[in-house]
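Okay, so here's the structure we're looking at.
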Amino acid sequence: MNALDGILFGFSVAFEWRNLLACFIGVLIGTVVGVLPGIGPVGAMALLLPATYALTPAGALIMLAGIYYGSMYGGSTTAILLKVPGEVSSVVTTLDGYEMAQRGRAGPALFVAAIGSFVAGTVGVVGLAFIGPLLSKVALTFGPPEYCALCLLGLMVLSRLTDSSLSRAFVMVAAGLALSTVGMEPMSGTSRFTFGFLKMSQGIDLVPIAMGMFGVAELLSMAERELKTQAPIRVRLRELLPTKEDWQRSWPPITRGSIMGFLFGLVPGPTAMIATFTSYALERKLSRHPEQFGKGAIEGVAGPEAANNGAAQGAFIPLLTLGIPFAPASAMLLTALLIHGVQTGPLMMVNNPEVFWGVVSSMYVGNFMLLVLNLPLIGVFVSLLRLPMYLIASVVALLCLVGTYAISNSMLDIWVLLISGVAAYLLRKLRFEPAILVLALALGPILERSFLQSLYLVQGEWMEIFQRPITAGMIITGLVVLAAPALLRQFRGSAAG
Amino acid sequence: MNSRTAGLAAAVLFLVIGSGQIYMSLALPRGTLAEPGPGVFPLLVGALMSASSIACLVLAIVERTPLEFGLLKDAARPAVLVVALAAFLVLLPRVGFILPSLLLQVVTLQVFGMRGVWRRLAVAAVITAAAVLLFETLLGVQFPAPTWSF
């Protein structure tokens, strides 16, 4: 099936009424989650995982993916109207978006953010449709050593891209991998580190850990910060339209941001956030009016907003083509696919074309729904911000607990939720990044299996693993990324000297 | 506890966990390089954690930049919330869903600044009723049957 046939087939799946409904529910919840502080997209995806049991695998993935990219739209609303980024990737939008709102131009800021997100979503879908099959073909030549190297590359890049120091990032990688070793060993089935708990022989579920680290930890941070309900600026429909000059100034940043964001999305780590910062810096450099940045420049909203949505779409490629999650949200999608019995990896496109193409095409449908939801109905979402914080917090607390318990009616799971929530709250204070742990936990089983299979394959001659060109290329890339800051410092030092 | 002590404590804690992982991995069969056993991967992970923790320990000793937040700054509200969440977990299998949920809601509403005891109780009752309706009645979630044993 070529890309065009694939997209058309995907639309036939996406337009089935159940999948359309799943997509609508997903993007609606995503927008709400993006607007409101608290649970976040990963927590919301974890929470709604049990609700997807009644859906087909394609429907489940369409809904969960909708939550993820929907939250990117929602996150910009609070950034522009309240200077409170709904998601980390909307932090940059506060710089000029809020300034525009203060100058009575909240409408054009919201409009450009929504259009930028839509364009980036479209670029992302086209990219997914064309790059996805190519990457799948390449991945079909991968054996266990290549998968092992890919996981290592992912963890190395992730360690470098977060705020933590390298040693702290490695501690989090090790902690996530250590948690993934609990339960049955993948080759021999030997039970490890279960401490007498029968349920732990099945391993530690990703969902309670992710809910704890993204839901409960955020709740505790909110309690500490004592967030107050703020009255957002009112935006009327007729005030939304940008001027001709706004359009002219917005299109180039949107185009650049969309492409850059998509490419950033292919890389492991918090790429949506990094893409927004890079896009902002680039637009400021290219602008004829750099002095307006930080004072309400529309380019400062258009570029980063396109970039964060582009990155959100690009992040689906490693998951859908290689079966490897490079972001916590992708890890949740992988969990959903495994629960629904879908074999992930390069053969997914052949064995489950309705899932692959259905999800790709549904993103286009979802982006269109988001455009409708976020422009004419912006007032409805803004009114959510008038809900008292105590009400949001108490509902989120109960949803985290009951949602986690409902997945497998397990008390152990909710204890894991609470412990990981408290741990993540404390870890953040100590500048350890819990997202790395979550991702390492998701990658751990794939890494261990491929590592052991590789050793079996080369009969213990481990140097042979590094003599394979793709494996060697990935490991060298990872090492270069790890060493890059030190090398750059050295280079700058010698250039200055 | 100042930020430096907290950093040191965290590094030591991870060093203990890493060492524990190595110790427990050594009790598992390790096999050979050609036929690795179930202890190999955890052993490597334990070694990575121990080595990184030692690096963190050194960093915590030499690093002068203070952490972004003081560890115990404004910790009272989160601490109360953690106790309420733990109480929910302890009570749920013993007294069923409704009472722990009410208690959790009342405390959460208070932590987040809702005024008036009766208002808090009323809102907690509405949220709990909505949760029972949604999860138990509509989604068929079976909460643990109360044992009333402590």
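Labels below follow one simple rule: chain letters A, B, ... track the order of the sequence lines, proteins then strands, and each chain is numbered from 1. Values in this document were obtained by computation on a predicted structure and should not be read as measured data.
Of all heavy-atom pairs spanning A:Glu224 and B:Arg77, the tightest one is O-NH2, 3.1 Å. Across all their heavy atoms, B:Val45 and A:Ala174 have their closest contact at CG1-O, 3.3 Å. Between B:Leu59 and A:Ser165, the shortest heavy-atom contact is CD1-OG, 3.6 Å. Across all their heavy atoms, A:Leu455 and B:Leu33 have their closest contact at CB-O, 3.4 Å. Taking both residues in full, the closest heavy atoms of B:Pro36 and A:Tyr456 are given as O-OH, 3.7 Å, listed atom of the first, atom of the second, then distance.
Note on ring orientation: taking the six-membered ring where Trp is involved, the planes of A:Tyr405 and B:Phe143 are parallel (angle under 30°, cut-offs 30° and 60°).
Between A:Met172 and B:Phe14 there is a side-chain heavy-atom pair separated by less than 4.5 Å. The shortest distance between side-chain heavy atoms of B:Pro93 and A:Met411 falls below 4.5 Å.
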In a table with atom names and distances, give each donor-acceptor pair under 3.5 Å that connects a side chain of residues 183-192 of chain A to protein atoms at least two apart or in another chain.
unit_1	atom_1	unit_2	atom_2	d
A:Glu185	OE1	A:Met187	N	3.2
A:Glu185	OE1	A:Ser188	N	2.5
A:Glu185	OE1	A:Ser188	OG	2.6
A:Ser188	OG	A:Thr190	N	3.4
A:Ser188	OG	A:Thr190	OG1	2.7
A:Arg192	NE	A:Thr181	O	3.1
A:Arg192	NH1	A:Glu448	OE2	2.8
A:Arg192	NH1	B:Pro38	O	2.9
A:Arg192	NH2	A:Thr181	O	3.2
A:Arg192	NH2	A:Glu448	OE1	3.0
A:Arg192	NH2	A:Glu448	OE2	3.4

Let me check something: any side-chain donor-acceptor pairs from residues 394-403 of chain A under 3.5 Å, sequence neighbours excluded? List them with distances.
unit_1	atom_1	unit_2	atom_2	d
A:Ser394	OG	A:Tyr390	O	2.9
A:Ser394	OG	A:Leu391	O	3.2

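Atoms CD1 and CG, from A:Ile419 and B:Leu85 in turn, are 12.0 Å apart once rounded to the nearest 0.5 Å. Rounding to the nearest 0.5 angstrom, the gap separating the OG atom in A:Ser167 from the CD1 atom in B:Ile54 is 11.5 Å.
Contact of A:Leu427 with chain B is made through the side chain alone, with heavy-atom distances under 4.5 Å. Within the 4.5 angstrom heavy-atom criterion, atoms from both the backbone and the side chain of B:Leu89 approach chain A. Only the side chain of A:Val422 comes within contact range of chain B, with heavy atoms under 4.5 Å apart. With a 4.5 angstrom heavy-atom cutoff, A:Leu418 touches chain B only via side-chain atoms. In this structure, chain A has heavy atoms under 4.5 Å from both the backbone and the side chain of B:Pro144. Heavy atoms closer than 4.5 Å to chain A are found nowhere in B:Val106, neither backbone nor side chain. Using a 4.5 Å cut-off between heavy atoms, A:Trp462 contacts chain B through its side chain alone, with no backbone atom that close. For A:Ala54, no part lies under 4.5 angstrom from a heavy atom of chain B. Looking at B:Ala86, both its backbone and its side chain come within 4.5 Å of chain A, counting heavy atoms on both sides. Using a 4.5 Å cut-off between heavy atoms, B:Leu28 contacts chain A through its side chain alone, with no backbone atom that close. If you measure heavy-atom distances from A:Val458 to chain B, you find no contacts under 4.5 Å at all.
At most 12 non-hydrogen atoms from other residues, nucleotides or ligands lie less than 6.0 angstrom from CD1 of B:Ile98. Atom OH of A:Tyr53 has more than 12 heavy atoms from other residues, nucleotides or ligands within 6.0 Å.
Comparing A:Ala406, A:Ala178, A:Gly444 by heavy-atom pairs within less than 4.5 Å of chain B, the highest count is held by A:Ala178.
Within the structure, side-chain hydrogen bond (donor to acceptor under 3.5 Å, both in side chains) pairs that include any residue of residues 12-32 of chain B do not occur (at least two apart or interchain).
Of all residues spanning residues 119-130 of chain B, those with a heavy atom less than 4.5 Å away from chain A's heavy atoms are B:Arg119, B:Val123, B:Ile127, arranged by number.
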Intermediate values then yes/no, side-chain contact (heavy atoms from CB on, under 4.5 Å), B:Leu44 and A:Phe451:
CA-CA 11 Å; B:Leu44 292 174; A:Phe451 170 70; 3.6 Å; yes
